[in-house]
Amino acid sequence: MLLNINYGFFLERDYIADSFFEASQMNALLHESGLEKGMKEMLKRMGITHILYSTRDWGIEYPSYLQEFLKDHAAPVCVTQDEQLTLYRILFRSF
């Protein structure tokens, strides 16, 4: 899952992204998932194992529990030098 990113990447596996046209739909999907537990269940059901998240402020109001979810249930795998992008691995066993 690519979140808060307004450009694409070449990825060898299927992914979903909140690009310019899908940002509102992705945000709605996260809001509809409910709290952290609902988010975990949604990600697992969708087969999402990683989240690439940008800290750039595009004015999208993601659910307040998104940052808590990343802090508590995801492990940073890689961070860009400017700290604008972080790749997280979802820790499904932590639930």
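This chain uses plain numbering: 1 for the first residue, then up along the sequence.
Heavy atoms only, all atoms of each residue included: Leu66 and Met39 are closest at CD1-CE, 3.2 Å. Shown here for Met1 and Leu43, the closest heavy-atom pair between the two residues is CE-CD2, 3.8 Å.
Side-chain contact check for Thr86 versus Val79: some heavy-atom pair is nearer than 4.5 Å. At a threshold of 4.5 Å between non-hydrogen side-chain atoms, the residues His50 and Leu87 count as touching.
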- prompt: Should Ile90 and Lys44 be marked as a side chain to side chain contact (heavy atoms under 4.5 Å, CB included) after you check the CA-CA gap, both sets of side-chain angles, and the distance that decides it?
  reply: CA-CA 9 Å; Ile90 307 301; Lys44 192 171 192 175; over 6 Å; no

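Going from atom CD of Gln67 over to atom OH of Tyr53 covers 4.5 Å, rounded to the nearest 0.5 Å. Residue Met46 holds its CE atom at 14.0 Å from CD of Glu41, rounded to the nearest 0.5 Å. Taken to the nearest 0.5 Å, the CD1 atom of Ile51 stands 5.0 Å off from the CG atom of Leu70.
Counting only distance, with no hydrogens or angles, the side chain of Tyr62 and the backbone of Asn4 share a donor-acceptor pair below 3.5 Å.
Listed by chain and residue number, Asp82 satisfy the side-chain hydrogen bond (donor to acceptor under 3.5 Å, both in side chains) test with Thr80 (two or more places apart in sequence, or in another chain). In terms of the side-chain hydrogen bond (donor to acceptor under 3.5 Å, both in side chains) criterion, Tyr88 has no residue partners (sequence neighbours excluded).
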